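Reminder, nothing fancy here: chain letters follow the sequence lines and each chain counts from 1. Note that the coordinates shown come from a computational prediction; the quantities given were computed from them, not determined experimentally.
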There are 2 protein chains.
Amino acid sequence: MNNKFIRIYEDIAADIRTGEIEAGTLLPSELDLSEQYQTSRETIRKALKMLYEEGYIQKIQGKGSIVLDIRKIDFPISGLVSFKELAQKMGHRAKTYVNVFEDREVDQNLFKQIGFALNENVWEIVRVRNVDGEHVILDKDYISQKLVPGLSKEICNNSIYEYIEGELGLAISFAKKEILVEEPTEEDRKWLDLDGFHNVVVVRSQVYLEDASPFQYTESRHRPDKFKFVDFARRR
Amino acid sequence: MNNKFIRIYEDIAADIRTGEIEAGTLLPSELDLSEQYQTSRETIRKALKMLYEEGYIQKIQGKGSIVLDIRKIDFPISGLVSFKELAQKMGHRAKTYVNVFEDREVDQNLFKQIGFALNENVWEIVRVRNVDGEHVILDKDYISQKLVPGLSKEICNNSIYEYIEGELGLAISFAKKEILVEEPTEEDRKWLDLDGFHNVVVVRSQVYLEDASPFQYTESRHRPDKFKFVDFARRR
DNA sequence: AAGTGGTCTAGACCACGCT
DNA sequence: GCGTGGTCTAGACCACTTC
């Protein structure tokens, strides 16, 4: 509620979503908007930059800001969005089973694989995600104990992100992610319903807090028919 | 060469890439940089915003701008980067074969699948990408003839993007992308070396020009062992 | 309290599209 | 030529981290 440019962004974004401002039309000019919102043009430009980055508008020099078709807001599966949020949004019956929850020291092997320091203590968590009655995702997490103390099996059963952001008040900020297709491992075959499937889609992410400290390494292993990744990219 | 803030961005980005500015250290303060570059603080902030968006730095209020470890940031395969650029960057021996190049009218069937208007004329292009001696990617393109006139088989053999941006002077702006894993079709089996593979990774993209007109629909079908997608995402 | 980044302003000039 | 967005400035005040 504090920032003027965010209020303006939200105001215009809402109008676009509801269709009050139609796709294909031009927004009022920056000068008009600055008068309309009783603010400076730079502040309007900040709000428009946000609308641009979120895919609401396209700006054309000399012409104006075109309102784009509201894109289907489909979320990337796994990564910066928690599984719980995602399942709810998609309207699926989802369950989580915690198979492994252990206090573990980072050894040579783990060190090479993930981004943590040697001998640091991490939580090792293996969870199976059941969607509409089938075990389709295997999540393997390594979470820094220093940054996220007091984790428990019960919390993992619910949402780890809710605990971290809600209880601990930490802000998750960015992630590096890699998507590959691999042969199922023994572990995959053990936990997932892979009847007839010859591959799993593996999403490896390193997740960072706002102060750039790496707090989580995740390997999310999906049955291929249940995997979908949606992206909106601007050319750089 | 024109914009001050872009020059500053490139200058600092280069220093980070070469390691001259080390990951984990802080950049000079915005005030210092504005003196160093003989410019205003807002201009420095624009350059830093770019560095932030590209994953070079993390900004922390009251503290400074932390330099991130950029090494793992790679290029997304297919999409807004052309295959030619990509193959060169990765250092692969890559070849392209144009199997189909046709003038086609958008019928009911095509209309449902892609984003173009009924009865519009499009180029239908099917190309096989050979990387290091194997046929591993099948690209199916539909390109608007109205927006991209004068396309030819020869151009497709080289780089379509170079033609569009170079010859025609059009600016490619953004894309909606979807990644799924599917069963190979007859067409996949015909053109790709799929011996022993049971799936293909399908990347569907709708690509838009700067004025928000959709000019290309692409289906890029990858042999799973040759697929890799790397992403850097910030939480919204 | 000092130093950092975050927001906001009012104004200037430039580059581009349109007619 | 006029209206549009793009860049840049110099300065103000606020919010946060650190000492």
* Establish, with yes or no, whether the OP1 or OP2 oxygen of dG6(D) is under 4.0 angstrom from a side-chain nitrogen or oxygen of Lys49(A). => no
* To do: Would you mind telling me which residue lines up with the more 5' stretch of DNA chain C, Ile6(A) or Gln61(A), judged by nearest nucleotide?
  => Ile6(A)
* To do: Starting at atom CE of Met50(B), determine the distance to atom C1' of dG6(D), rounded to an integer number of angstrom.
  => 14 Å
* Separation of atom CD1 in Ile44(A) from atom P in dT9(C), rounded to whole Å -> 9 Å
* **Whole-Å distance separating the NZ atom of Lys46(B) from the P atom of dA10(D)** => 14 Å
* Name the nucleic acid region contacted by Leu48(A), choosing base, sugar-phosphate or nothing; use a 4.0 angstrom heavy-atom cut-off, strictly under. => nothing
* **Length of the OH-C1' vector between Tyr37(A) and dT9(C), whole Å** => 19 Å
* **d(CG, Asp211(A); C1', dT18(D)) in whole Å** => 15 Å
* To do: Measure from CZ on Phe5(B) to P on dT9(D) and round the result to the nearest Å.
  => 12 Å
* 5' precedence on DNA chain C between Glu42(B) and Ile60(B) (nearest-nucleotide basis) -> Ile60(B)
* To do: Output the single nucleotide from dC18(C), dC8(D), dG5(C) whose closest atom is nearest the side chain of Ser40(B).
  => dC8(D)
* Looking at Lys59(B), does any N or O in its side chain come under 4.0 Å of the phosphate oxygens OP1/OP2 on dG6(C)? -> yes
* Check the surroundings of atom CG in Asn109(B): do more than 12 heavy atoms from other residues, nucleotides or ligands lie under 6.0 Å from it? => no
* Asked: dC8(C) C1' sits how many Å from Ile8(A) CD1, rounded?
  -> 11 Å
* Establish, with yes or no, whether the OP1 or OP2 oxygen of dC8(C) is under 4.0 angstrom from a side-chain nitrogen or oxygen of Thr43(A). => no
* Taking the six-membered ring for Trp, are Tyr56(A) and Tyr9(A) parallel (under 30°), tilted (30 to 60°) or perpendicular (over 60°)? -> perpendicular
* To the side chain of Lys4(B), which of dC8(D), dG5(D), dG6(C) is closest? -> dC8(D)
* **Centroid separation Trp123(B) to Phe101(B) less than 6.0 Å** => yes
* Asked: Rounded to the nearest Å, what distance is computed from the CZ atom of residue Arg41(A) to the P atom of nucleotide dC14(C)?
  -> 14 Å
* Does Asp107(B) CG have over 12 foreign heavy atoms under 6.0 Å away? -> yes
* Under a 4.0 Å N-O cut-off, is there an ion pair linking Lys59(A) with Glu30(A)? -> yes
* To do: Would you tell me if any nitrogen or oxygen in the side chain of Lys63(B) comes within less than 4.0 Å of OP1 or OP2 on dT18(D)?
  => yes
* Counting only side-chain N and O atoms of Thr39(B), is one of them less than 4.0 Å from OP1 or OP2 of dC8(D)? -> no
